[in-house]
Structures are given as structure tokens and as C-alpha cells.
4 protein chains.
Amino acid sequence: MMSVTDTLSRAERKRAELRRDIIDASFSCFAEQGYHGTGIADIATRLGIGHGTFYRYFENKRDIIDHVLDDLVARIVGSLVTDNAPDAADSLDEYRRQVERISDALTAILLDDPRIPRLLLFEATGIDADLTQRLFGLLDTAAELTGGYLKHGVDRGYLRENLDIEGTAQAINGMILAAVVRSLRGHDKEDVDSVAAAIRSLMFDGIKSPE
Amino acid sequence: MMSVTDTLSRAERKRAELRRDIIDASFSCFAEQGYHGTGIADIATRLGIGHGTFYRYFENKRDIIDHVLDDLVARIVGSLVTDNAPDAADSLDEYRRQVERISDALTAILLDDPRIPRLLLFEATGIDADLTQRLFGLLDTAAELTGGYLKHGVDRGYLRENLDIEGTAQAINGMILAAVVRSLRGHDKEDVDSVAAAIRSLMFDGIKSPE
Amino acid sequence: MMSVTDTLSRAERKRAELRRDIIDASFSCFAEQGYHGTGIADIATRLGIGHGTFYRYFENKRDIIDHVLDDLVARIVGSLVTDNAPDAADSLDEYRRQVERISDALTAILLDDPRIPRLLLFEATGIDADLTQRLFGLLDTAAELTGGYLKHGVDRGYLRENLDIEGTAQAINGMILAAVVRSLRGHDKEDVDSVAAAIRSLMFDGIKSPE
Amino acid sequence: MMSVTDTLSRAERKRAELRRDIIDASFSCFAEQGYHGTGIADIATRLGIGHGTFYRYFENKRDIIDHVLDDLVARIVGSLVTDNAPDAADSLDEYRRQVERISDALTAILLDDPRIPRLLLFEATGIDADLTQRLFGLLDTAAELTGGYLKHGVDRGYLRENLDIEGTAQAINGMILAAVVRSLRGHDKEDVDSVAAAIRSLMFDGIKSPE
DNA sequence: CATGAATGAGCCTTCATTCAT
DNA sequence: TATGAATGAAGGCTCATTCAT
């Protein structure tokens, strides 16, 4: 016979599991049919649970998307952070390789499941002022992250001393966004890779012809 | 007494005027409350007309947003095309100045009415597969436009011979998008200008330190 | 130059003409799309007039159907009354022929334009208590008409003395209705004629086998 | 405490009950105010339920009338079939009595609730091409039923050998219809009975005077 | 705790009718 | 007089949310 704590923790585990499942199902529904096109019933049906159950785990329809976002961000950040400390590069070449690594990791995660960018860029917008603010916050975080790399490069001397770190970080992230959007259009890996290459080329060499 | 043609054209003028007003009011509503947050009644009320009147001018709610977009695109294109033929620049310096002019024009129109980018980037997404395709189409057009400038530069020799025109065009547009998004966050002109400057700097000089 | 009365009467003539046209167009619309399926605009469009004009000739949508019915009844009665005075038959044979004539006339008018029975039996019902009463009135009139023939036959001695004139008249009209309904089902003349023959056979000979 | 099956069957029972109630209420509303005059809200209000509940049980407004008809047909058929097998009569006298029994049963059910014929003949028409077809189908079924009796009589020899069974069946049903319509006009039982008697008289003896 | 029946606010859309031109 | 622009009552339907079981 099991102890009370075991039983409890089992119940808790099940509860946490279902919570996860609801988040995942919501993610799928939102990404595929849009936030407004998704009903609570759709989410519940996908899981084979009663739709009343949804409300035992989340406040309301608006509530769930926050958690879906949390989850996505965690996934993306997790896959990027590995082996990519901002201070890992000590020379332009190392930075180049680092950028390539990050680029590949991003490409991998986004191409792996296009519903991720789809949800972030298309379905999570226009729902709510609060949510919009949150998306802006994500952009900020991303810009800070990128800025961190740039700052390190400037400090180390392999990036331009007069680099406007913040502005450049935003510009770079914009280019990444462009590549992500492109990946959404059904283009295959090569297409995205070529844009990624163009971006790196632009970053490191600019566009002007060498005199 | 007026002639028949005058009367006709007066009625037509009134009709065209109201049509315009409905488009404008819809634009405002959609930009402020979102597409799903806007009811036909809201649009009508804003104009002080009966909501039935709306349906004399547009098929349905879905219909109007197409026209709002048409209108926006026309406005933006109109303000950009002036004095900015893709083949107007014959040297890097001229191109630099051209880019600056375009940048200023964009900044002007977007800062002038932040609801424009807000509608385009946040409220027009996630409504419809058709509409999404249309937005993609706009991105394509923009990329072609940018690509045209780049190609001219390569042909003239002031841009890198080996430039991946298409990819670079997309990257550049991504940066512009980033600036636009930044303009949405309540930053004032200086902020946006500084990002614009960083973009230009990145474009022309890249980020690496001159050896 | 014309005199005032001429002008007026011309105007009046035109007015009466349009009134007729509206009735006809309404008949067509109601018969084809049903009363509820027909909008005032449909009627006006069919005539190429403004739909506001409708209201200069008729009170409202409900009003017009009364006039459409008036028109139909006049048409049917007109085509039946000719050569079919209730007292025209003096023997069973003459009555038989008279019944056949009436039967043919009815068949002719109803098969000629199936929209007539369609409107009367399907589209004019269920609109209004008043209209229903009016349809009942038409049935009464028809029963009285039929009853007139029967009474004459009884008086003349070629129909059963103990005939329940009123009840039988209704029964006969019911059979006519059945034939009319049958004509509505896309059956051709032969079908309807065969039912008409069965009706006459039933009327004159009953169904039982001669002992 | 109840077992699971009990609970389930209780819920199912409640559900079936409400479904029935909605059909009944719809029947009442349609019969009293007409199909187009009835709103879903009317039906719901009559039952004291929310109008959203209606849509848990039926697809849409058009859907319910089919079920109302199903119900009516079942009721009518049920009350007729009893003790009235088409092959129960072996002589004219027996057939006469059978006809009388059927006549009485019909009279009973229709006079009992005049809304039944009212709905069938007045409110169910002109709604829909599909529904019209269905009504025609009912007429067909009725004609086949009547035809069955006739055929049996011809086979047994107590009805005319040369009887046009199909046509006569339709004629007879037309007379029944006439009686039903009469019953709708607020006439009491005697009136209807007298028409029924006239019909039987016509059926068996025809109208002509015995020579 | 899970369920799903019930609810009603809310929204889009139609169309008969009015009335200024 | 003819017109059609404007109107808003009316109604069908959806779906997020609640709550009794």
C-alpha cells in the first residue's frame, strides 16, 4: 500500500501532466486555427477531455495563451543558450562560427515546427494590449541578448568601436525575423539557409563594393 | 438649377465620400480595437450612420479589411515612390542619400500615424489564410523593390558584385521592419532615427572592426 | 397639343400599366422564390424600376399579395365561366360533357402556368391569418360554384335526389385539388388527364363493382 | 446511491425528454405563428430554457421542422394503422365499415388537435424545395396506402375491375384533404362527419341518379 | 475532481420601409 | 413622380463561461 504522500504526489503528477497537455493542445489549436478560430471545445476535444475541465486548470481562454507563450519562449531560449555564452567568442572568426551556430539552432527549431513562428508572429498578435506588450518584451529580451554578443565583440575589439549596440542589435534581430517569416512561406531549408547566409554576409561585410 | 450630370456627379461624389469615410473609420477601429474587437456597429457609430448603411458599401466585415489594406498600401507606396526611382543613384554616395531619403519618408509616414504599422503588423495577421497570403505578397513586393535598388547598385558597380540580391533585400527589409516595430513602442523620432542610422551603418559598413 | 384630360388619362394609363406590371412581377417572384424569399427589391429589379417606386403603388409587401391573388382568381374564374353556365346541362350526358369541358379548361390554365397553383397552394399559405381566411373564402366560392352545378343536376333529376350538395361539392373540389397538386409534380398532361378521368369515373360511377 | 448505468440513463432520459419538449414546443409555435413567424427565442421561451440550448439539440431552425414532421407522421400513421390492415376487408360491407373506421380515426386525430393539419397544410408549405418534396412524398405514401386498399378490393371483386387504382387513390385522398381543410375552419364534428358521409356516398354510389 | 448541459451576451447580416432629392 | 440612400428592428447563430451532478 502506498503512503499518503505518494498518492498525493501521484495525483499532483497527473494534474501537472494534464496541465502540460492542455498547453500543448492549445498551442496546436492556436497555431493551426488561430486564437479566435479556436474554441475551448476544440482544445478539449483534441485531448478527449470535457471542456469544463479546461477551466479547472486555467482561468479562461485569455489565460491559456500566456502559458503557451511561456512554454514557447522556454523552448526557444533553451535551444539557443546551449554552448552559446555571449562571452564565448574571442575573435572575429570565433564569433563568426558562433553566429553560424546560433543561426543553425534557430533554423532547426523553427523549421522543425513552423507552428512556433506562426503562433508567435501571426496568431499571438492583435489579441490584447497586454499580450502585445508581452511580445514587445520578448523582442526586447532578444535585442538585449543580441546586444550582449555585440558588446562583447566591441569590448574584445573584433567589432567596430563605434557600433551602436542597441540599434544594431535591433537591426540584426529584424533580419532574423525576416528569415523566420521566409521560413513560414513553405520554403525549404536551402532557401532559409541562403537568407541566413546573406544576413551574415551583410553583417560582416556590408553591401558596398570593396574599393 | 443644376444639370443632370451635376446632380449625378454630386450623388456619386457623396457616395465615394462616404465610402472613403467608412474605410477610414474601419481603419481606425481595426487599428485601435483590433479586427475581432471591432463590430460593424462600432464603425457605423463612429461615423454616425446606421450600421445597415455599412452593408450598402461593403459586402461584409471581411470585405472591408481588404479595402483598408488597399488604401494603406496606396498611401505608403505613394509616399515612397516620389523622387526615389530605383535607377536614380549612380554612386555609393548618391545611393546613401537615396537610402536616407527613403528612410526619412518611411519614418515620416509611420510616425505620423502609428496606427498604420499597428494595423499592418498586428491586427491584420491571424484573420484569414487569404489575408495572410496577401500580407506575404506585400512583403514580396517590398523585397522586389529593395532588390531593384540593390541590383542597380551592383550593375553600377558601387555594390558588391557577389551580393545575394534577393536574400540581402529580405534582410534589409527585415531591418526596416525592426525599426517600424520600434516606432510602435511609443519611442519618439530620435529613437527611430537612431535605429535607422544603425541600419544604414550596418548596411554600408558591416559590423566588424576595420583591420 | 394635347388637352389636359388627354395628358391626364395618358398618365393614368401609364400608372395603371405599371401597377399591373408590379402585380405580374410580384406574382412571378412569389411563385418562384416564395413570399418570404422575395424581397421588394427583387420585384423592382425584375421590372427595372427603383424599389421605392413599389411603395407608390402598394401599401407594403403584405398588400401586394392580395392584389396578386385578386388577379389570379379573376384569371381562373374568367377561363372557367365561359360556356359553362351552371344551368347549361339538362341531361346527365350534357353534364358529363360540361364536367369534361371544365376539367379541360382547368387543366389548360394550370398546366399552362404551373406557377399559378404553386402560388395558391404553397406560397400563399402560412403568411397571415387574414390571407388564410381569404384562401378559405376562395374554397367556399369554389364549393358554391360546384354546388350550383350539382343542385341544378338534382333539380333536373339527372343527379341523385338525396345528394348532400354541399358535402359532395367539397368532396369534388378536393379531388380537383388532388389533380392540381399532381400537376405540380412535373407530371405531363397525360398524367393529369388520367387522374381527371379517374375523378370523373368516380363521380359518375362510384368505385363499387356493378352487381 | 445509484449505479453508473442508472445515472447515465437518467441523463439520457432527461436529454430525450427535453428533445421531445423542444419538438413539441416547436410544433406549437410553428402551428400557431407559422414557421417564419416563429423565432428560436419563441420556442425557447415557451419552454423556459435559454435559446442557446435549442442549438444543443438541433442543428438550426430549418432542422427542427423536419423532426416536427417526423413526429406528426408517426403520430398519424400510428393512429391509422391499428386494426386497419389493407387486406382486412373481404366484402363491400366490410370495406365500407373499414372506410368508416379509418374516417373516424382520421377525424379523431385531426379534430383532436387542429394544429396538426394546420401545420401540415399551411405552415410547412413554401419553406423550402426540400420540404416541399417531402410533403409530396407524404402524399405519395398516402396515395399508395389508399391504393393498397383499392387494389385489394378489386382483387376480391367487390370493387370495379376497371378501376384506375392510382388515379382513384389520389382522388379519394383529395377528398380526404377537403374534409381535413374543412375541419380547419372551426366547424364542429358534425360538419366534418357530414362531409365524410358525402365522401363515402360519392365513393360507393357516385352522384348520378339511379335510373 | 471531471463533466457537459445550460446559458445569454454579443455579433453579423437582411430587408421592409421611409424620405430627401 | 421616381428614385435609391439610409435606417434599425429583428433574428439566426456561436461560444466562453458557469455550475449541478
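Just so you know, these numbers come straight off a predicted model, no measurement behind them. Chain naming here is simple, since letters A, B, ... match the order of the sequence lines and numbering starts at 1 in each.
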**Nearest-angstrom distance from the residue atom NE2 of A:His36 to P of F:dT14** = 18 Å

**Request:** Rounded off to whole Å, could you give me the CD1-to-C1' distance for the D:Ile22 and E:dA6 pair?
**Result:** 11 Å

**Item:** Separation of atom CZ in B:Arg10 from atom P in E:dT21, rounded to whole Å
**Value:** 9 Å

**Request:** Please tell me which of the listed nucleotides, E:dA2, E:dT17, E:dT13, lies nearest to the side chain of C:Asn60?
**Result:** E:dT17

**Prompt:** Contact class for D:Phe58 vs. all strands (heavy atom < 4.0 Å): base, sugar-phosphate, or nothing?
**Reply:** nothing

**Complete:** The answer to which of C:Gly48 and A:Gly37 contacts DNA chain F further toward the 5' end, by nearest nucleotide, is C:Gly48

**Message:** Quick check on DNA chain E: between C:Tyr35 and D:Gly50, whose nearest nucleotide comes earlier from the 5' end?
**Reply:** D:Gly50

**Request:** Measure the distance from NZ on D:Lys14 to P on E:dT3 and round it to the nearest whole Å.
**Result:** 20 Å

**Prompt:** Does a side-chain N-to-carboxylate-O contact under 4.0 Å join B:Arg115 and B:Glu123?
**Reply:** no

**Asked** Just how far, in rounded Å, is P of F:dG11 from CZ of D:Phe54?
**Response** 15 Å

**Asked** Which is true for B:Thr38 with a 4.0 Å heavy-atom rule: it touches a base, it touches only sugar-phosphate, or it touches nothing?
**Response** sugar-phosphate

**Asked** Is any NZ, NE, NH1 or NH2 atom of the basic residue among D:Glu17 and D:Arg10 found under 4.0 Å from an Asp or Glu carboxylate oxygen of the other?
**Response** no

**D:Phe122/C:Phe136 under ring-ring contact (aromatic ring centres under 6.0 Å, His included): CA gap, chis, key distance, verdict** = CA-CA 11 Å; D:Phe122 286 83; C:Phe136 282 148; 5.5 Å; yes

**A:Arg20 with A:Asp24: basic N within carboxylate O range, under 4.0 Å** = yes

**Request:** Decide yes or no, distance alone: a donor-acceptor N/O pair under 3.5 angstrom between the base of F:dA9 and the side-chain of B:His51.
**Result:** yes

**Nucleotide forming a Watson-Crick or wobble pair with F:dA20, both distances under 3.5 Å** = E:dT3

**Prompt:** C:Tyr57 side chain: which of F:dA2, E:dT13, F:dG12 is closest?
**Reply:** F:dA2

**Message:** Could you tell me how far apart B:Arg19 (CZ) and F:dA6 (P) are, to the nearest whole angstrom?
**Reply:** 13 Å

**Message:** Just to be sure I understand the rule, does D:Gly52 reach a base, reach only the sugar-phosphate, or reach nothing, if contact means heavy atoms closer than 4.0 Å?
**Reply:** base

**Prompt:** What integer distance in Å separates C:Tyr55:OH from E:dA16:C1'?
**Reply:** 4 Å

**Prompt:** With both distances under 3.5 angstrom, what nucleotide forms a Watson-Crick or G-U wobble pair with F:dA10?
**Reply:** E:dT13

**Request:** Answer yes when C:Arg134 and C:Asp70 have at least one side-chain N-carboxylate O distance shorter than 4.0 Å, and no when they do not.
**Result:** yes

**Asked** Can you tell which of F:dA2, E:dC12, E:dA6 lies closest to the side chain of C:Thr53?
**Response** F:dA2

**Item:** Nucleotide E:dG10, atom C1' - distance to NZ of B:Lys61 in whole Å
**Value:** 11 Å

